[in-house]
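In the text below, chain A, chain B and the rest are named by the order of the sequence lines, each starting its count at 1. These numbers were taken from a predicted model, which means no experiment stands behind them.
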2 protein chains.
Amino acid sequence: MSEQDAGSYTPSEYRTPDGAPSDIVVFTITATEKLSAKKSLPVRKLEVLLIQRKKWPFEGKWALPGGFTRESETVQACARRELLEETGVSDVHLEYFNVYSDRGRDPRGWMISHAFFALVQETYVANRRTSDEASDVRLLPVEEALAMELAFDHRTILQDALDRIRLKMLTTTIAKEFLPERFTISELYQVIRTVVPAFEERNFIRKITSTQSRKGILEEVRDRSGQPMMSNRYSQRPAQLYRFTDYVPELSIYG
Amino acid sequence: MSEQDAGSYTPSEYRTPDGAPSDIVVFTITATEKLSAKKSLPVRKLEVLLIQRKKWPFEGKWALPGGFTRESETVQACARRELLEETGVSDVHLEYFNVYSDRGRDPRGWMISHAFFALVQETYVANRRTSDEASDVRLLPVEEALAMELAFDHRTILQDALDRIRLKMLTTTIAKEFLPERFTISELYQVIRTVVPAFEERNFIRKITSTQSRKGILEEVRDRSGQPMMSNRYSQRPAQLYRFTDYVPELSIYG
DNA sequence: TCAATAGTGTCTGTGAGACAGTATGCG
DNA sequence: CGCATACTGTCTCACAGACACTATTGA
């Protein structure tokens, strides 16, 4: 029955968890200019923020940032706080996605861990710092991180988080978390492909701008006089700038 | 840093949670025949299994079934166990969807609750029983349950679970959990509409059976000799029976 | 002029959506 | 024959998908 076995609950009667940590998978997309002198689209890479542990257990190993929930806060607040302490940023997309409670996942005791993912702009994590608890903090390409032997069950957590953001990248508008407020269609396409390499749409511009079908996800940016705003950051020919509307698309396999 | 504040962790140093319960939102769809003598589609209703609490806190109030996680099990195992103890069934769709940790959500102490939803056939919960902990166990229409004052934050949990299964009903094939292995298109349509009343597709049969577009979600059932299998349970004219394939549809807002 | 990106023109096949019409079989 | 459900015929309009073509502008 719901939480009622503890009607006569006393701390000595039942074993209780030794802690409820939050772990945060911080994703970012780095963009590095191509060597060629001419204007061209940058090479984008999906990276994850990892810290190198200083103490037992798993000292020296790379791990996800995170920390223990305090009695006064929710697990979401804990994740938000740890993210701020860790990366110095707030107001980013932070989302809970799973719980990890396998016996023995933490040698220190019975720990039930709550896993979040965060999507942040590259500039936000540029000024990261090591803390007392970590000997190093680093952005690593996701594929590289998955090939490493991470602390705890953090490899599993990272893989689950990756699966989740791949799904959400295609079914929601979270791509916006990796983009400036105004962006070109090429930028959007590159962000999607960076997270989901399998995604390939030759007529991407056509579909996204064919006002009827994917209606309302994006809108053209115009200046005060109604002129379309363009960008030539990545190309000689200026490209139309777009922004996401607050339209929430609804998907269905049945119609 | 990840779980490393407790590098020098001792139980007395930090406050730890007083328990990690699991709560389970058990959904079922009941079907009652219409009064009219003729064959016709049954009236379906989405219902949720609630228990009436016997003890403090919230004694007398209705609540979701659930219970405390033991050190030896994962929270998923806990939910599965509680579901078995509560409803006597196993092998049903059981899925984790959120964590609830608001301060003060449980007057007994610091409880971090893990919420699951289960989708079960009506026949599975028919032989439910009250346990020591509950004075009554009942199936209630979801809308009715949401209008009640439930124990703890269970109204919120129920609402979240409902939102989640509405989303999954349209984007995955979980409708199968409410259907027999072989079913007619009308039954499928009714199940979807019972969970998501806003869903309305006039040409539902056309779309679902137009082999190209929603390709592979369903397949016609045929007997050994290759004859299509029909059912006249709900109609004079026999209707083709279908089953779900194991095809997993992929959705995207971009193409 | 070339390179690199940003588009547009045009054609074809598929299918979504609407709605009227036909099919089945029991009471 | 009426009723309730189960389809099918047929039309229109949209658009997905392919691919060749033009546009823009700095180096």
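Atom CZ of A/Arg182 has 12 or fewer heavy atoms from other residues, nucleotides or ligands within 6.0 Å. The environment of A/Lys61 atom NZ is sparse: at most 12 non-hydrogen atoms of other residues, nucleotides or ligands sit within 6.0 angstrom. Counting non-hydrogen atoms of other residues, nucleotides and ligands closer than 6.0 Å to CG of A/Asp91 gives a total of 12 or fewer.
When the side-chain contact (heavy atoms from CB on, under 4.5 Å) test is applied to B/Arg237, no partner is found at least two apart in sequence or on another chain. Here A/Thr30 pairs with A/Thr28, A/Lys45, A/Glu47, A/Glu122, A/Leu139 under the side-chain contact (heavy atoms from CB on, under 4.5 Å) rule; sequence neighbours left out.
Nucleotide C/dT24 holds its P atom 10 Å from the CE atom of B/Met230, rounded to whole Å. Distance, B/Tyr189 OH to D/dA6 C1': 15 Å, rounded to whole Å. Going from atom CZ of A/Arg237 over to atom P of C/dT5 covers 14 Å, rounded to whole Å. Rounded to an integer number of Å, the gap from CG of B/Leu188 to C1' of D/dA6 is 15 Å. As a whole-Å value, the separation of B/Ile208 CD1 from D/dC7 P is 14 Å. Look at CG on B/Leu241: it is 15 Å from C1' on D/dC7, rounded to the nearest Å. Taking atom CD on A/Gln240 and atom P on C/dA6, their separation rounds to 12 Å, with Å as the unit. When rounded to the nearest whole Å, the span between CG of B/Leu218 and C1' of D/dC7 equals 16 Å.
Within the structure, side-chain hydrogen bond (donor to acceptor under 3.5 Å, both in side chains) pairs that include any residue of residues 156-165 of chain A comprise A/Tyr100-A/Asp160, A/Gln159-A/Asp163 (at least two apart or interchain). Applying the side-chain hydrogen bond (donor to acceptor under 3.5 Å, both in side chains) definition to pairs two or more places apart or across chains, those involving residues 192-205 of chain B are B/Glu201-B/Lys207.
DNA chain C lies under 4.0 Å from at least one heavy atom of each of the following residues of residues 190-204 of chain B: B/Glu201, B/Arg202, B/Asn203.
Using a 30° and 60° split on the angle between ring planes, B/Tyr96 and A/Tyr96 fall in the perpendicular class, above 60°.
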Show the distances under 3.5 angstrom between N or O atoms of the protein and N or O atoms of nucleotides 10-12 of chain C.
unit_1: C/dT10; atom_1: O4; unit_2: A/Arg206; atom_2: NH2; d: 2.9

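Along DNA chain D, the nucleotide nearest B/Glu187 and the nucleotide nearest A/Lys207 are compared for position; the residue whose nucleotide lies closer to the 5' end is B/Glu187.
Between B/Ser210 and the phosphate of C/dA16, there is a side-chain N or O to OP1/OP2 separation shorter than 4.0 Å.
Residue B/Gln236 places its side chain closer to D/dA4 than to any other of D/dA16, C/dA6, D/dA4.
Across all strands shown, B/Ile185 has no heavy atoms under 4.0 Å from either base or sugar-phosphate atoms.
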Next on the checklist: Determine whether A/Phe244 and A/Phe183 satisfy the following criterion, ring pair (Phe, Tyr, Trp, His ring centres under 6.0 Å), listing intermediate values before the conclusion.
Outcome noted: CA-CA 9 Å; A/Phe244 279 100; A/Phe183 52 86; 5.3 Å; yes

